Colleague: 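A single structure is presented below for examination.
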Amino acid sequence: MTDNQPSTAASIPHVSDRVFHNYPGAAYILPSDEQEAERLRLQHHVWKAAFEGKILLPPFRDQASYVVLDSGTGADIASQLSPRAILHGIDIEKRLFPPSHPSNMSFSITSITSLPDEWSNKFNFVHQRLLVLALKHKEWPLAVEQIFRVLSPGGWVQFGEFGDWRAGPITEKHRRMHKALLDSRDLNLDIHADLPELLRKASFTNITVEKRTIPLGSWAGKEGVDSRNDIISVFRSLKASVLRSGGLGFVETEEDFDQFIDAVEKEWDETEGAEVNAFIIYAQRPTQ
Ligand SMILES: C[S@@+](CC[C@H](N)C(=O)[O-])C[C@H]1O[C@@H](n2cnc3c(N)ncnc32)[C@H](O)[C@@H]1O
């Protein structure tokens with residue numbers, strides 16, 4: 001399938017060569033092709049640098065015997081786990097699964113919103129990073145409940161999500177378009193802020209939030225260029241979604257859309273202090 005975005009009567013003509021998932025009912029709006037795999041590798045590097053080289057923050061004990069679930073897999077968490085840990089990755093799309101992997105790693109096409117019954121109490125750690133463009137409002141509490149169920153008592157969960165970003169007026173206008181797009185798909189742009197409360201409601205304890213601020217744009221050297229390239233690539237990937245929704249009142253043609261994103265990119269390069277927040281939120285299932 002080359003483009004599974006829902007179309008409306010107001011859909012604006014455009015050319016899309018991106019490839020999207022075809023998991024029934026899933027709300028995910030980013031592509032799942034080689035270009036996206038390349039972006040995810042860059043994004044992993046951006047996150048790792050922002051958190052001083054650490055990908056996993058919970059205070060693990062006896063990690064060697066860990067059984068780990070990675071939801072929306074792709075982040076290289078294996079390199080920060082004991083080589084004896086057993087790792088299972090789930091995703092709604094198999095195209096991004098690694099073609100070869102060590103025998104302590106396995107993968108399945110499964111949604112975080114409906115994990116198998118037999119996984120109850122199975123995992124010591126669940127990792128999930130950057131599903132803001134994947135889960136609808138009402139799916140987040142469901143995902144958190146599922147994670148609680150599959151964790152063994154005392155096990156940890158860690159989420160990673162971007163927070164707000166800022167630069168200047170063009171970025172602000174684009175942010176409004178981005179929010180309108182997510183609202184139109186019932187996706188939650190503020191999930192980074194809502195997760196601690198969702199975790200509390202699901203009976204998690206030791207809820208901890210770590211925030212970092214990442215510079216955006218060439219004014220900040222290589223770090224700013226890498227984070228700019230990562231996030232601008234996300235914005236460009238959302239072209240089909242925005243145009244199929246008739247431009248959401250912000251753009252009228254494909255060219256308008258491309259020029260709008262070019263202008264955001266330029267604003268970041270020219271605005272010292274342009275930045276985005278990144279959050280890692282982790283919590284523990286009570287020991288009893
Ligand atoms: C933005 S990517 C992030 C990948 C990886 N976690 C990382 O940080 O590099 C989001 C991933 O979540 C997957 N995904 C989307 N909806 C999902 C769902 N309901 N359950 C599990 N994975 C999902 C997508 O297919 C995609 O691989």
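Counting convention: from 1, in listed order, for ligands and their atoms alike. As the structure is a computational prediction, the values presented were derived from the model and not from experiment. We count residues from 1, following the sequence as given.
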Colleague: Does an N or O from I112, backbone or side chain, lie closer than 3.5 Å to an N or O of ligand 1?
Modeller: yes
Colleague: Below 4.0 angstrom from a heavy atom of A134, which ligand 1 atoms are there? Numbered from 1 as shown, please.
Modeller: 15 (C), 16 (N)
Colleague: In terms of residue, atom name and distance, what is the protein heavy atom nearest to atom 2 (S) of ligand 1?
Modeller: Y28 OH, 3.4 Å
Colleague: Is there a side-chain contact between F235 and M177 (heavy atoms, below 4.5 Å)?
Modeller: no
Colleague: Assess the side chains of T171 and W268: does a donor N or O sit below 3.5 Å from an acceptor N or O?
Modeller: yes
Colleague: Evaluate L96 for polar contact with ligand 1, using N/O atom pairs at a separation under 3.5 Å.
Modeller: no
Colleague: Taking only heavy atoms of I92, which atoms of ligand 1 are found under 4.0 Å from at least one of them?
Modeller: 14 (N), 15 (C), 16 (N), 17 (C), 18 (C), 19 (N), 20 (N), 22 (N), 23 (C), 25 (O)
Colleague: May I ask you to identify the nearest protein heavy atom to atom 23 (C) of ligand 1, giving residue, atom name and distance to one decimal place in Å?
Modeller: L131 CD2, 3.8 Å
Colleague: I'd like to know whether R244 forms a side-chain hydrogen bond (donor to acceptor under 3.5 Å, both in side chains) with S11, so could you lay out the CA-CA distance, the side-chain angles of the two residues, the decisive distance to 0.1 Å, and finally the verdict.
Modeller: CA-CA 4 Å; R244 280 182 176 262; S11 185; 5.0 Å; no
Colleague: What do we get for L135 next to ligand 1 when only non-hydrogen atoms under 4.0 Å count, side chain, backbone, both or neither?
Modeller: side chain
Colleague: Kindly confirm or rule out an N or O of D91 lying under 3.5 angstrom from an N or O of ligand 1.
Modeller: yes
Colleague: Would you say that R166 contacts E275 through its side chain, given a criterion of any heavy-atom pair below 4.5 Å between the two side chains?
Modeller: yes
Colleague: Just heavy atoms, cut-off under 4.0 Å: does T113 contact ligand 1 by side chain, backbone, both, or neither?
Modeller: neither
Colleague: Would you tell me which option among S32, S237, G72, A27 has the nearest heavy-atom contact to atom 11 (C) of ligand 1?
Modeller: G72
Colleague: Is there side-chain contact between T208 and L57, with at least one heavy-atom pair below 4.5 Å?
Modeller: no
Colleague: Does any donor atom in the side chain of R18 or S237 lie under 3.5 Å from an acceptor atom in the other side chain?
Modeller: yes
Colleague: Is any N or O atom of S111, backbone or side chain, closer than 3.5 Å to an N or O atom of ligand 1?
Modeller: yes
Colleague: Regarding atom 7 (C) of ligand 1: of the candidates R129, H21, R41, K136, which has the closest heavy atom?
Modeller: R129
Colleague: With a 4.5 Å cut-off on side-chain heavy atoms, are I170 and F260 touching?
Modeller: yes
Colleague: Step by step, work out the side-chain hydrogen bond (donor to acceptor under 3.5 Å, both in side chains) result for S152 and N121.
Modeller: CA-CA 4 Å; S152 54; N121 304 313; over 6 Å; no
